[in-house]
Every structure is written in structure tokens, then in C-alpha cells.
Amino acid sequence: MVDRSSEITGDTIVSEQDWLRRLDRELNQAQYEFVTLSAPAILGLAGPGSGKTRALMYRAAHLIKNGVPPGSMMLLTFTNKAAGEMKERLEKLIGYLPKGLWAGTFHSTGARILRRHAPLLGRTGQFTILDEVDSNRLLRQLVDSLPFKIDRDGRNLLLKRRFLEKVISRHRNSNLTVEQVILEYYPRQVEYTELIERLGRMYTERKRESNSFDFDDLLICWRDLFRDHPRVKAEYRERFRHLLVDEFQDTNRIQAELVDQFAGAASICVVGDDAQSIYAFRQAEVKNIVTFPDKYPRCQVIRMERNYRSTPEIVSLADRSIAINREQLKKKLYSSNPPGEKPVLVQARDVYQEASLVGYLVGELHSFGVPYKEIAVLYRSSYLSSGVEFELMRRQLRYRTFGGLRFLQKGHIKDVTAYLRVLYNPEDRVSWQRVVTLQPGIGEATFETLWKEWSRFPDRLQAMLSGKVSPPRGAAGWERLRETYLDLVTPGLTLPAMIDIVLQKNYDAILEKSYPDQFEERRQGIERLADYGARFASLGQFLDTISLDDSIYSDGSLPSTDRGFLTLSTIHSAKGKEWEAVFVIGLNEGQFPSSRIDSSLVEEERRLFYVAVTRARRYLYLLSYRQDHRQWGAAPLIPSLFLRELPPETYQVLEPDPEF
DNA sequence: TCCCACATGCTTTTT
DNA sequence: GCATGTGGGA
């Protein structure tokens, strides 16, 4: 019997010299320094394609090779995709994913910590994570339940465009008061300040009663947990001696505060690129990365400026574009790759010609030997993808989309998960309401009455199963629901079996009635959810994963598992990725930069453009079109500011054949 | 109080 | 083109 841990230790000792030689061979000087440096704080400032995630993972591997227990390391990043990337690379580097290592998004790590200490925050470990749809519903109910009437205009104003949600979230994420947020972003609505403060307090209380947290809470309550419970904080400071944070430019104030909690106890190593900060709409603060060295006095700053990804032509175009931004840390990005073709600008007649040009050029690239999986089409907003999607379908090319419409946020999928959520967390009012009001004859008002009656029982699920509560009307639907749950509480059910019960006993009939023409399609979506659920050992794990990671897409498979597919992606979702050939479409003024942003955000949009073009290794196509038939005002479009301002020597123009 | 039919307006971007 | 909002009838 071989003890696996000693095997690894043995391996470490034997290969230490090999490992150092390998670092020397595979890293440049800046990277080598970054990986092997020992300091209380390290900032890796790195341009696109300079291998910053790679360097960060070499650092993690290096620590492990030097005997640092993986259980004392925490790897954090912002998106699920980046988190997946980190784990994948680390596993490739050292051959296995170390046990005990914490690697994930800030939000999933927050959820993990909060589950362990939930009672300190008035929750149980089975708390529900509310997504935006849920929390908006909750707020909507609170507005309607105010003990006084607000006039219709006021109600509309509060609920339209997620105004209320945004004010509360901004306030909580920024440490500004509600009044300051309103004065800064919505000065005309200042009269609503008190009302919003009141609703904010009601919202906090309602979440506690429902044993749930929203996305913001996963970070804010984590911070507050450490603030209010020094012993808990000490426990984590004791355990985690190395924090490694990727994409640090995308952190918001709360996330930066969370990292600060470990100051002095752990070595804190962050990497990022201020020029790729594209999450301001989520209160990401570039200043977190800019001021990092000031905040941590003995901080070492390493610059990684050599680009390994792209041709000099692409790097030059990107560099000239980003240079127009005034707010940035100066970096001198350079590529020593062999020269390639200049990026190509194409102005199409309309969205259809743009799409067929993409289709045609994809075919050309493929015939030159560029595999489909090395080609990506990127866009500012997900609705811009439909033209190209249609064209690819016509050409029978397989593709995969990232970003955009959420599979899990579709009504019927949320319905099915609500049935399961209340099993796990019977206090979950939002989900109960969803399930109960689905039944014919039961609406909001009936649910309110029922809920009051129901709350007299210590366990809502038991109370329902025993038949001790019933709504004032809609008895038939309630009874069917009760029978469904009698089956669902059978011990040992798999997730597909549970979903099957929900469908057979209750939801199928409801679905058919509400979507007579889309019944089959939606039902198939639910079946894919069931298939996906089969891989989970427990309901809790399944619910946690689908609340925090929306990466099951409408085709039901997971990203990055298949080869031979083209990629269609929003630019946000493409961050951190690279392809041999990249098309950026819809580069029209009004679409990108989006016309709904105010002028102060143009630099952010330019950073987004910068992210888009630096995804390409050898071939870059920038497409715009003159006419949009889809919009009402068929005013001619002009090319994006980001194309117009490019120096002509950075690109070549391709004139589409008018016959095409 | 609920439900259906119709109108509206909306599309950033992620957790 | 699709979810959410409104209004009248049961």
C-alpha cells in the first residue's frame, strides 16, 4: 500500500532541480521572477497575451513543489470561465488537481464560507442563492406590500429598468449611502430616497426570513462575517497563507476589501491589466489595481509586457487604439512573433451581407488549414449574433455560443428548479410563491393569505405534506402539488427522477397550457436540465452549481468539451481566451460603443474593443455595416468610433464584391 | 381575485 | 422577435 501523499513529496524532492530547469526553460525573465518571488504582496501587471494566468498558475505550482500545502492556498477570480481556466492549467502543470486547494470565483468562495457559518448570519447551511430574477420579484412584492399606496408613476419608476435593484446594489457595493447613489446617478429621483431606504431594509429582512442570500450578499455578508466575528476571520487567516487573484482589474470595492482581510497573514499575489477592465457596470474599480502597491507597502511590482499571442500587426493596432485612453497605467506592449497580415476592415452593406462575408471568410480560413475551433466571432451585445448564427446554420457549420440569453433564467427552467429549491430550503419564499401560484386558481393574493397561515408551522414542507394547511381557493391545484411533494420526499431519488416526478405529477399540464405552441421545445429544455443533473450526487450541489454558474447553454452541453465548433461569443465572455482568427462584428456607431452609455464610459468601451482585438493570434477581421433593417429608424449607420480613430497604417480595407 | 388577450418596450456586458 | 405590463371580463 503506497501512501499517496508521500509519493508526491518524494516526487517533489527528486524533481526539484528539474522543476527549476523547467521554469527557466518555459518562462521569460519577468515571468520567472514573478513565479519565484517571495514577498508579502506581489502585483503582476501584464498586457494581453503575456501569459499572466499562466504565470499565476506556475506560481501556484511552484509553491506546491516547494512544499506549501495546497490547503493553505486560495485562488480567486471573477468569472466562472476564468476559474475553470485556472484549474485546468494548474492540473496540466502538475498533473493533478491538489486536494484541499480552494479555487473559484469570489462568489462561489463566498457561498462556501457562508454555508459553513450560516447560523451566525441568521441562516441555515441550506440557504438559497437568489439570482437577479428572484431578487427582482422579491422587491416587486415588497413594493406592492407597502402599508400605504404609492401612485402609479412612482411604482412604475421604482420597478422599471430595475431602478430599485440597481440603486440598492450600487449602494451596497460602493459604501455610498442610498442618497449619495441617487444624487450621483439619478438626481431627478431624489424624492424617493427615503422610500428606497425603507424598501432596502425590508428586502434585507425578507431575505433573512426566506433563508436566502442574493449575489451581492455572498461577498458583503462574507466581509461582514469577518468584521463581526474576529474568531472566524482568524480561523481563515490562520489557514490561508497564499492568496492568488486573477483578473484583479475587475474586482469591485467589496472584493478588494475581502482580499485585504488576509493582509499580514498571507502572501497576496494579484495579476491584472487595467487596460482590460470591462466590468465598471458591476462597480469594478480600476483603482483597486492602480493603488495596490500603495496599499501594500512592501509590494513588488512585476511587469509582463511581452505578448506571445499575436502578430506584431495585431498588437500594434491594439496598442494604437488603447493609447487614446487617458486613464491608464502606461505599458509598452510588444510582440516578437513573426509578422503576419494587417488586420482587415470590411464595411458591408447590411447585416445580411456582413453575415455572409463572415461565412465566406470562415470557409476561406478553413481551406487554408485554420480549424473551426480556432475561429471566433465576437460582438458587443448578444442580440448582434443572430445574423451570423443564421448564416452558419445555412452553411451547416457547427458553432457554440457564449454569453447572452441565459438558459437557466428562462421561465420554465426557473419553474422546475423552484420545485426543487423548496425541498432543499423550505423557507424559500420566492420559490414557494413561484410553485404555488403556478397552480390554476391560485394567484398572488391567495398565496399571501396562505403564507401567513402556513408560517405558524415550524416546517413548511411537513405542514404541506400533512395536509394541515390549504389555501382559501384553488384546492384542486394545491392537492396535486401536495401529491407531487409526497413523491418527491422519497429518500434516495436521483435528480432526473425528481424532475420526472415534477413533470409527470404537476408541471407538464401547466406547461402545456401556458405554452401550447412551444410545449415540446420547452419540455426538451427541461429534459436537458435533468440530464445535466444526473452528474450531481446531491440536490444541494446541483442547486449551488446552477445558481452560481450559468454555463449550461440551450444546447445542453458544457463549454469547452467539444472540438470542431466555431465560437460565437460576447466580448465579455471571450476575455482570457484566444483564437487563431477572430471576427469582430457590428462595429457600428450606436451599437459599439453602445448608444445607451454616457460619454464617461467611452474609455470602458474602448477597453472592450481592446479586449476583442487582442483575442486574435494571426487573423483579425473588423466588420461594420451601413444599414440596419431590423431597427425602426433605418438611418444609415456609420462605422464605430473605434474604427474611425484607428491610424490607417494599422489596417487594410477589404471591399466586398457588390454582387456578393 | 384570477385569467386571458393584447400592447408595449426592450436588448449591454456577469455573479 | 420575446418577456413583461395592462385592462377588461368572468
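A, B, ... follow the sequence lines: proteins, then strands. Residue 1 opens every chain.
For Arg434(A) and dT4(C), the CZ to C1' distance is 13 Å, given to the nearest whole Å. The distance between atom CG of Leu218(A) and atom P of dT15(B), rounded to the nearest whole Å, is 13 Å. Taking atom CZ of Arg140(A) as the reference point, atom P of dG5(C) lies 4 Å away to the nearest angstrom. Atom CG in Asn173(A) sits roughly 17 Å away from atom P in dT14(B) (whole-Å rounding). Rounded to whole Å, the distance from CZ on Arg253(A) to C1' on dT15(B) is 20 Å. The nearest whole Å value for the distance from the CD atom in Gln283(A) to the P atom in dT14(B) is 15 Å. Distance Glu604(A) CD to dT14(B) P: 13 Å, rounded to the nearest Å. One can place NE2 of His412(A) at 13 Å from P of dC2(C), the figure rounded to the nearest angstrom.
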Could I get a table of every N or O pair under 3.5 Å where one atom is in the protein and the other is in nucleotides 2-5 of chain B?
unit_1	atom_1	unit_2	atom_2	d
dC2(B)	OP1	Gly443(A)	N	2.8
dC2(B)	OP1	Thr446(A)	N	3.2
dC2(B)	OP1	Thr446(A)	OG1	2.1
dC2(B)	OP2	Ala445(A)	N	3.4
dC3(B)	OP1	Gly441(A)	N	2.3
dC4(B)	OP1	Lys513(A)	NZ	3.3

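Between dT14(B) and Asn80(A), no contact under 4.0 Å exists linking OP1 or OP2 to a side-chain N or O. One finds no side-chain N or O of Thr105(A) lying less than 4.0 angstrom from the OP1 or OP2 phosphate oxygen of dT14(B). One finds a side-chain N or O of Thr570(A) lying less than 4.0 angstrom from the OP1 or OP2 phosphate oxygen of dT14(B).
The side-chain ring of Phe281(A) is stacked on the base of dT13(B), judged by centre separation under 5.5 angstrom and plane angle under 30 degrees.
Residue-level contact check: Arg137(A) touches neither bases nor backbone, having no heavy atom under 4.0 Å from any strand.
Annotation: side chain of Lys575(A) is in contact with side chain of Asp250(A) (closest heavy-atom distance under 4.5 Å).
Ring planes of Tyr279(A) and Phe281(A): tilted class, angle from 30 to 60°. Trp454(A) and Trp478(A) have perpendicular rings, their planes meeting at more than 60° on a 0 to 90° scale where under 30° would count as parallel. The aromatic rings of Phe127(A) and Phe213(A) lie perpendicular to each other, with more than 60° between the two planes, well past the 30° mark.
For the 3.5 Å distance criterion, the side chains of Asn506(A) and Gln439(A) qualify, holding a donor opposite an acceptor.
Phe536(A) CZ: more than 12 foreign heavy atoms inside a 6.0 Å radius.
Taking only side-chain atoms of Phe215(A), from C-beta outward, the nucleotide of dT13(B), dT15(B), dG5(C) with the closest atom is dT15(B).
With Arg421(A) as the partner, the salt bridge (charged side-chain N to carboxylate O under 4.0 Å, His left out) test is satisfied by one option alone out of Asp131(A), Asp134(A), Asp415(A): Asp134(A).
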